[in-house]
Asks: 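One structure, as structure tokens, below. Some questions next.
No hydrogens, no waters, no symmetry mates; every other heavy atom, side chains included, goes into these values. Counting from 1, the numbers follow the sequence of the chain as shown.
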Amino acid sequence: MKKLERIQKWTSENELDFTYISDPTTIEYLTGFASDPHERILALLVFPNKTPFLFTPALEVESAREAGVTFDIYGYLDHEDPWKIIADKITQRNNHPRKAGLDKIAFPVDHFEKLNEHLAGVVFEKDVSGVIDNMRAIKSEDEIQQMILAGQEADFAFETGFKAVKPGSKEVDVVAELEYALMKKGVMEMSFNTLVQAGKHAAEPHGESSTNVIQNNQLVLFDLGTVHNGYMSDASRTVAVGKPSDKELEMHKVCLEAQLKAMEAVKPGITAEQLDKIARDVITKAGYGEYFIHRLGHGIGMGTHEFPSIMQGNQMELKPGMCFSIEPGIYVPGFAGVRIEDCVYVTKDGCKPFTHTPKNLIYVDK
């Protein structure tokens, strides 16, 4: 069944008059039309027994047609009230709408309030977000192929970045070199801000690359990804400059063991919670449990962080076609940080990674 038809079927089964979808990534997933509307309004309206319509800023109507949208596309000018136009188009298809669905995770409250003003009496009683999450969680062969290509780009970025690391360089210098090399290959978009973090700075798992100077005899953490035809890659490696301390070497060894054991355990039927525990037990047994402070992984696809979460408490069974990260980390504040990450896709009897850069400790001495 086609993607939009599944949303139409869900709308009908829940006896809704329409479903309002506002998330740009979901709209791209369902229609093929990619857009960042910024402060303007983008929406997809799906009906149980009538054709859907796409609502966009007027300046993007032609782009939507070129992207292959074959049903009605309505645009609006900046001085017009988009909510009135949307409400009018809805009532043209259903004179007296009463019940509706929407993607609650993505719908801003102020947008909801403005839409409600023009659709008095409509109750938004169903959330389509979970349906979309489950649809996007199982990737098609074509989607996986795009992610394989994004993974190849990430591998190239690692290769280039490792060569740029040397004592005295700033983290941002390394980022600039690897991203410039990607641009020369035609890769123009990263899936998130590239992270290069050296020494104790790497103990901040949500830090940013900075003017911190890379020193001799320390670890350097890389976390990066690219966008290929709308699909993401995401991977982490930790390399050595000079001769790190015995404790830093141990941290890397333990983290690598946890990552490899988790990857070996992936198969259909294992739960997300079980997979998280396999990696976490390795790190805990080695005495670093308190320094593994995030989930083992997250889904990936058209978004860098998607459903499902690979974490304690999630008893969802993994299925073929699911794509997610496996990224154990050890972060000792004021000392050092290590993370090793691959995103993988589940096969009928295991998993395959999208990235293939070696994970053993690479020494990048000059």
Asks: Flag the pair K285 and D281 as a salt bridge only when some basic side-chain nitrogen lies within less than 4.0 angstrom of an acidic carboxylate oxygen.
Replies: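 Salt bridge: no.
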
Asks: Below 4.5 Å, heavy atoms only, C-beta onward: do M251 and F335 meet side chain to side chain?
Replies: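 With C-beta onward as the side chain, the pair touches.
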
Asks: Which of these, K50, K89, R93, sits in a salt bridge (charged side-chain N to carboxylate O under 4.0 Å, His left out) with D72?
Replies: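 That would be R93; it is the only one of K50, K89, R93 passing the salt bridge (charged side-chain N to carboxylate O under 4.0 Å, His left out) with D72.
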
Asks: Is the number of heavy atoms from other residues, nucleotides or ligands under 6.0 Å of E125 CD greater than 12?
Replies: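 Enclosed: over 12 neighbouring heavy atoms sit under 6.0 Å from CD of E125.
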
Asks: Do F71 and L45 make a side-chain contact, defined as non-hydrogen atoms from C-beta onward lying under 4.5 Å apart?
Replies: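 No, every pair of side-chain atoms sits at 4.5 Å or beyond.
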
Asks: Do NZ/NE/NH1/NH2 and the carboxylate oxygens of K9 and E5 come within less than 4.0 Å?
Replies: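 Salt bridge: no.
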
Asks: Inspect the contact between R65 and E62 and indicate whether a charged nitrogen and a carboxylate oxygen are less than 4.0 angstrom apart.
Replies: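 Yes.
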
Asks: Once the angle between the rings of F107 and H111 is folded into 0 to 90°, is it parallel (under 30°), tilted (30 to 60°) or perpendicular (over 60°)?
Replies: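 The arrangement is perpendicular - the two ring planes meet at more than 60°.
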
Asks: So, the side chain of D81 versus the backbone of W83: is there a donor-acceptor pair under 3.5 Å, distance only?
Replies: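 Checked: pair present.
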
Asks: Are the side chains of L195 and E208 in contact, using a 4.5 Å heavy-atom criterion?
Replies: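 They are in contact (side-chain heavy atoms under 4.5 Å apart), so the answer is yes.
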
Asks: Distance check, rounded to the nearest 0.5 Å: E153 atom CD versus I148 atom CD1?
Replies: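 Going from the CD atom of E153 to the CD1 atom of I148 covers 12.5 Å.
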
Asks: Going by side chain to side chain contact (heavy atoms under 4.5 Å, CB included), D342 matches just one of T357, D234, T355. Which one?
Replies: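 With D342 as partner, T357, D234, T355 yield a single side chain to side chain contact (heavy atoms under 4.5 Å, CB included), made by T355.
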
Asks: Taking the ring of Y20 and the ring of F124, is the distance between their centroids below 6.0 Å?
Replies: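 Ring centroids of F124 and Y20 are no less than 6.0 Å from each other.
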
Asks: Check whether any side-chain heavy atom of L296 lies under 4.5 Å from a side-chain heavy atom of M311, and answer yes or no.
Replies: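 No, their side chains stay 4.5 Å or more apart.
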
Asks: Please say whether the positively charged group of R237, taken as NZ for Lys or CZ for Arg, lies over the ring of F158, i.e. under 6.0 angstrom from the six-membered ring centre and within 45 degrees of the axis.
Replies: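 Here R237 passes the 6.0 Å and 45° test against F158.
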
Asks: May I have the step-by-step check of salt bridge (Lys or Arg N to Asp or Glu O under 4.0 Å) for K163 and E159, ending in yes or no?
Replies: CA-CA 7 Å; K163 291 177 181 177; E159 179 184 1; 3.6 Å; yes

Asks: So, do H294 and Y331 have ring centers that fall under 6.0 Å from each other?
Replies: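 Close enough - the centres of the two rings lie under 6.0 Å apart.
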
Asks: Does NZ or CZ of K139 lie under 6.0 Å from the centre of the six-membered ring of Y345, at an angle within 45° of the ring axis?
Replies: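 No - K139 does not lie over the ring of Y345 by the 6.0 Å and 45° rule.
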
Asks: Step through the shown structure and confirm whether more than 12 heavy atoms of other residues, nucleotides or ligands are within 6.0 Å of CG on N360.
Replies: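 It does: N360 CG has more than 12 such atoms within range.
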
Asks: Do the side chain of S12 and the main chain of N49 share a donor and acceptor less than 3.5 angstrom apart?
Replies: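 The answer is no, because no donor-acceptor pair under 3.5 Å joins these two groups.
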
Asks: Hey, are the side chains of P57 and I41 touching, using non-hydrogen atoms and a 4.5 Å cut-off?
Replies: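 Contact flag for P57/I41 side chains = no.
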
Asks: Does a side-chain N-to-carboxylate-O contact under 4.0 Å join K267 and D349?
Replies: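 A salt bridge is absent here (no side-chain N lies under 4.0 Å from a carboxylate O).
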
Asks: List the atom of P97, the atom of F18, and the distance in Å for their closest heavy-atom pair.
Replies: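 Taking P97 first and F18 second, the nearest heavy atoms are CB-CE2, 3.9 Å.
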
Asks: Which of these passes side-chain hydrogen bond (donor to acceptor under 3.5 Å, both in side chains) with S309: H298, R295, E273?
Replies: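 Output: one option passes, namely R295.
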
Asks: Using the salt bridge (Lys or Arg N to Asp or Glu O under 4.0 Å) rule, take R98 and D17 through it: C-alpha gap first, then chi angles, then the decisive distance, then the call.
Replies: CA-CA 7 Å; R98 289 291 177 263; D17 295 309; over 6 Å; no

